[in-house]
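Note sheet for the following structure.
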Amino acid sequence: MPGFPVRRMRRLRRNERLRALVRETTLSVEHLIMPLFVRPGKGVRKPIEAMPGNFQLSVDELTAEVARLDALGVPAVLLFGIPDAKDEAATSAYDEAGVVQQAIRAVRKTTPRMCVVTDVCLCAYTSHGQCGVIVEKGGEKVVDNDRTLELLARQALTHARAGAGMVAPSDMMDGRVGAIRKALDAEGMTDVAILSYAAKYASGFYGPFREAAESAPQFGDRRSYQMDPPNAREALAEIALDIDEGADIVMVKPALAYLDVIRRVRERFDVPVAAYSVSGEFAAVKAAAERGWLDEKTIALEILTAMRRAGADILITYWAADVARWLKET
Ligand code: PBG
């Protein structure tokens, strides 16, 4: 390749037409999934303080929000539930009349073409806020992997029966993708896809979400099941196992501080890769923008484009509706 002055890198940056012509990465609305929080009640639109512009919504408000997202071209939503009651066994997580199950049925009626993805995890439904069933082992409270699997499979089944097109297990128990696939297939729901939170790290970036989902652990933390942030090879092992168990799409979460992991997953595996730009990533930018220190739109588009450049096919982001609007403007 010739050097300067024969080769001038600025030649193709002279105007927007040229820049667009040689642009390597695109960001468009069809890649986006918008997370939404649903709670019991009617007419409820409760702001989530650390996530400006996001709300806990009752089912009626949620269906209105989904219709707006659909009109903007956002193809998918990821539903999280905030139940009325929590207990040790996370009973409300697999209640056919639970808040997420109701929300799925409602959305299927009001906006049938919306792809409804549901978070499958017990943490918002357990009184202790851990993602699985707690047992005593040697005088210590631990999350029991194999007992949790059964409950996760039940939860996923109730979502699928209500009409979810995709279930997204986020608990990080070993074997849950296989358990869920088996349960779905046994009921003939072979078309319901699994988007696995395959490489999910024990991250400080989930802080605002735990306010949003009211799911903070009441004791301990999640490091006995979520991944240790310094590890990347381990993420590849997690992903290989989930694909083997039947994951249709694999996710890396969080995204911004884990772009290297997204890249390695993209290069190693041939299934679609999703990146979850989590609550803390969103909140940090919002806070800086409120102070006038960063421009929100510029930063959000840059961050999300970087995730696509790293290799993500799908982006789960609280900016989904904003991005849809911003892209329409330009
Ligand atoms: C549930 C779950 C969490 C998130 C998604 N599903 C929280 C956690 O694991 O503590 C985080 C999402 C976000 O921060 O935006 N297990």
Side-chain angles (χ1 to χ4, degrees), residues 32-38 48-56 77-83 86 90 92-93 100 117-126 128-134 143 145 148-149 151-152 155-156 159 166-174 176-177 180 194-229 238 249-258 274-287 300 303-304 307 312 314-321:
L32 306 179
I33 301 181
M34 177 75 182
L36 295 174
F37 300 92
V38 60
I48 301 163
E49 211 185 309
M51 298 168 66
N54 289 266
F55 302 83
Q56 294 181 346
V77 293
L78 173 59
L79 300 185
F80 293 93
I82 302 125
K86 304 183 190 228
S92 51
V100 166
V117 188
T118 57
D119 188 81
V120 173
C121 189
L122 304 184
C123 61
Y125 306 90
T126 51
H128 44 70
Q130 291 288 354
C131 301
V133 177
I134 299 293
V143 173
N145 192 87
T148 303
L149 297 184
L151 301 188
L152 292 168
Q155 183 183 19
H159 292 175
M166 213 183 278
V167 291
S170 70
D171 51 283
M172 288 300 278
M173 297 301 121
D174 289 319
R176 88 270 206 226
V177 172
I180 291 170
I194 299 178
L195 191 176
S196 151
Y197 287 65
K200 176 175 177 179
Y201 287 87
S203 169
F205 281 101
Y206 308 150
F209 173 92
R210 291 180 187 171
E211 175 209 327
E214 300 178 10
S215 66
Q218 300 303 301
F219 68 89
D221 53 42
R222 301 201 167 140
R223 287 183 293 177
S224 79
Y225 40 101
Q226 298 181 349
M227 281 183 56
D228 201 16
E238 281 282 7
I249 302 173
V250 292
M251 184 204 297
V252 175
K253 174 189 174 189
L256 188 54
Y258 297 85
Y276 196 148
S277 180
V278 301
S279 58
E281 302 173 24
F282 176 81
V285 175
K286 281 278 185 190
I303 285 175
L304 296 170
M307 290 164 192
I314 299 165
L315 303 175
I316 302 170
T317 169
Y318 302 98
W319 277 300

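What's counted below: heavy atoms across the whole structure, side chains too, no hydrogens, waters or symmetry copies. FYI, the numbering just counts along the sequence from 1. Whatever order the structure lists ligands and atoms in, that order sets their numbers, starting from 1.
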Among all protein heavy atoms in this structure, tell me which lies nearest to [atom], with the distance rounded to 0.1 Å.
| atom | value |
| --- | --- |
| atom 10 (O) of ligand 1 | Arg222 NH1, 2.3 Å |
| atom 14 (O) of ligand 1 | Ser279 OG, 2.7 Å |
| atom 12 (C) of ligand 1 | Phe209 CD1, 3.3 Å |
| atom 4 (C) of ligand 1 | Lys253 NZ, 2.5 Å |
| atom 15 (O) of ligand 1 | Tyr318 OH, 2.5 Å |

**Asked** What atoms in ligand 1 come closer than 4.0 Å to a heavy atom of Tyr276?
**Response**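 Under 4.0 Å from Tyr276, ligand 1 has these atoms: 12 (C), 15 (O).
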In this structure, does ligand 1 have an atom that sits under 4.0 Å from one of the heavy atoms of [X]?
| X | value |
| --- | --- |
| Phe80 | yes |
| Glu281 | no |
| Lys200 | yes |

**Request:** Just jot down the side chain to side chain donor-acceptor pair (under 3.5 Å) partners of Glu281, sequence neighbours excluded, or say none.
**Result:**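 With neighbours one apart ignored, the set is Ser277.
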**Item:** Set of side chain to side chain donor-acceptor pair (under 3.5 Å) partners for Ser170, sequence neighbours left out
**Value:**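 Applying side chain to side chain donor-acceptor pair (under 3.5 Å) to Ser170 gives Asp119.
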**Request:** Select one of side chain, backbone, both or neither to describe which atoms of Asp171 lie under 4.0 Å from any atom of ligand 1, heavy atoms only.
**Result:**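 For Asp171, there is no contact with ligand 1 at all, from either part.
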